[in-house]
Amino acid sequence: MDIGSLNEEELKAYLTGLGEQPFRARQIFQAIHKENVLSINDMTTLSKNLRSALLKDQDLDKLSILKEYRSKVDDSVKLLYELADKNIIEGVLMKYKHGYSLCLSTQVGCRMGCSFCASTKEGLVRNLTPYEMCQQIYRVERAYGINISNVILMGSGEPLDNYDNVVRFFDIINSKNGKNLSLRNITLSTSGLVNRIYDLAKRKEKVNLAISLHASRDDYRKEIMPVARRYCIEEIVSAAKFYSEQTSSRITFEYTVIENLNNTDADVERLSKLLSGFRSHINLIPLNPVDGFKGRGSGRRSMEILKDKLEKRGLSVTIRRSLGVDINASCGQLRIKHLTKEVDF
Ligand code: SF4
């Protein structure tokens, strides 16, 4: 039993099954998700008998920080974590004026096959559990003595391909008896799994949705993102509008700018038609070089021109800072380099 992945009600049912009083559920839930306790032996409010019973099949220590890489050009820290089964995942800690943000992984590897992404090179290994997602936060908070105030599901993995565990993670991390992280401070980034965007929208929660669009036409999107063969851009935008209506939130469209391939005037026209008329925002992203990707990233000036053209058509646009270029902060790069022994340990 993975008690760290149970919400308080489920924990209550589990403990009742062990013949324990229901109030123990809150004690254990708070110890794990509020007090960041990593060992059942350290839960001193529990009776010795209960600790022994739990210890029989519980291990709360699911993940450790294997290595950190501090950027020399900004405040970002790239982290490699080792899971209990020795799988490797990664994340990025970023410091902003408003606090600390942590980019989380939701799967070991990914099966989406985006051509600009290193996370998918080895395919999907397995889904992460809700507690493994929580523990990425708890471990970093513990190691650096900080409070993570924003979380972005944008590390390795397609969060909506691990839908059940991700929504359970939301439930746990948002619990007032746990970390109590507001769902408004969580951003889920998806390659555009339309059916799951609808499912998530129907929950009417306030999780921010970011969609990796990266193209204004389906033929080019199919070249760089195999998921585009399942869902065309219009279907994605329709799902995004529905999500925006259901949650009263603005949808961010991530758009990695690739010179001459997705930043032409025709792209500007198509984007303005697609993304006007609802609460949308375009985040232009500089390409972080990934081995094997053929396109060339646009320079700063070219990105500013694109931003200007889109804004003139009434769209809301920002250019994202490219964090941690020197530490392989792009999706999955560090894990792959670790697996292929290209980084030193
Ligand atoms: S960009 Fe995201 S969805 Fe695409 S392969 Fe990488 S991890 Fe998967």
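Distance OG1/T252 to CG/N283: 6.5 Å, rounded to 0.5 Å.
Other residues, nucleotides and ligands contribute only 12 or fewer heavy atoms inside 6.0 Å of the CZ atom of R184. Within 6.0 Å of CZ on R296 lie no more than 12 heavy atoms contributed by other residues, nucleotides or ligands. For R111, the CZ atom sits in a loose shell: 12 or fewer heavy atoms of surrounding residues, nucleotides or ligands are nearer than 6.0 Å.
Residue pairs that meet the ring-ring contact (aromatic ring centres under 6.0 Å, His included) test with at least one member in residues 262-283, sequence neighbours left out, do not exist here.
Side chains of S191 and E158: a donor-acceptor N/O pair is present below 3.5 angstrom, by distance only. Side-chain N/O atoms of Y231 and E235 include no donor and acceptor closer than 3.5 Å. There is a side-chain donor-acceptor pair under 3.5 Å between E259 and S298. Remark: the S156 side chain and the S119 side chain contain no N/O donor-acceptor pair separated by less than 3.5 Å. Residues R24 and Q27 have side chains that bring a donor and an acceptor to within less than 3.5 angstrom of each other.
In this structure the side chain of R320 never reaches within 4.5 angstrom of the side chain of L284, judged on heavy atoms. Taking the side chain as every heavy atom from C-beta outward, L63 and I89 approach each other to under 4.5 Å. Residues L153 and V166 meet the side-chain proximity criterion, which asks for heavy atoms closer than 4.5 Å. Side-chain atoms of D74 and S71, non-hydrogen and from C-beta on, do get closer than 4.5 Å to each other. Using a 4.5 Å cut-off on side-chain heavy atoms (C-beta onward), R279 and K241 make no contact. Residues R250 and S316 have side chains in contact (heavy-atom distance under 4.5 Å, counting atoms from C-beta outward). Residues E35 and M43 fail the side-chain proximity criterion, which asks for heavy atoms closer than 4.5 Å. N263 is not listed as a side-chain neighbour of Y255, based on a closest heavy-atom distance of 4.5 Å or more.
Remark: Y138 engages H33 in a ring pair (Phe, Tyr, Trp, His ring centres under 6.0 Å) (not counting sequence neighbours). The ring pair (Phe, Tyr, Trp, His ring centres under 6.0 Å) check on Y198 picks up F242, with sequence neighbours excluded.
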Could you check R70 against E68 for salt bridge (charged side-chain N to carboxylate O under 4.0 Å, His left out), going step by step and ending with a plain yes or no? CA-CA 6 Å; R70 287 180 180 273; E68 61 156 46; 3.1 Å; yes
Evaluate the side-chain hydrogen bond (donor to acceptor under 3.5 Å, both in side chains) criterion for residues N49 and S52: first the C-alpha distance (whole Å), next the side-chain angles of each, then the deciding distance (0.1 Å), finally the verdict. CA-CA 5 Å; N49 283 349; S52 306; 5.3 Å; no
Kindly indicate, with the supporting measurements, whether the criterion salt bridge (charged side-chain N to carboxylate O under 4.0 Å, His left out) is fulfilled by E304 and R301. CA-CA 5 Å; E304 277 165 4; R301 182 75 196 119; 3.7 Å; yes
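Within the 6.0 Å centre-distance limit, the rings of H214 and F116 are counted as a close aromatic pair.
Side chain of N87 to main chain of V125: no donor-acceptor pair is present (N/O by atom type, distance under 3.5 Å, no hydrogens or angles). Put simply, the side chain of D75 never gets that close to the backbone of K95: no donor and acceptor are under 3.5 Å apart. For S244 (side chain) and S249 (main-chain N/O), a donor-acceptor pair under 3.5 Å exists by modelled atom type. One N or O on the side chain of R221 and one on the backbone of L213 form a donor-acceptor pair closer than 3.5 Å.
Ionic pairing of E82 and K62 is not present here: no N-O contact between side-chain nitrogen and carboxylate oxygen is shorter than 4.0 angstrom. Salt bridge present: K312 and D308 bring a charged side-chain N and a carboxylate O closer than 4.0 Å.
The minimum heavy-atom distance linking G99 with S149 is given by the pair CA-OG, 3.9 Å. Taking each heavy atom of E10 and L6 in turn, the nearest pair found is OE1-CA, 3.4 Å.
The side chain to side chain contact (heavy atoms under 4.5 Å, CB included) test with I186 singles out one residue from L181, L104, N208, and that residue is L181. When the options N177, N174, D171 are evaluated for a side chain to side chain donor-acceptor pair (under 3.5 Å) with N7, the one that passes is D171.
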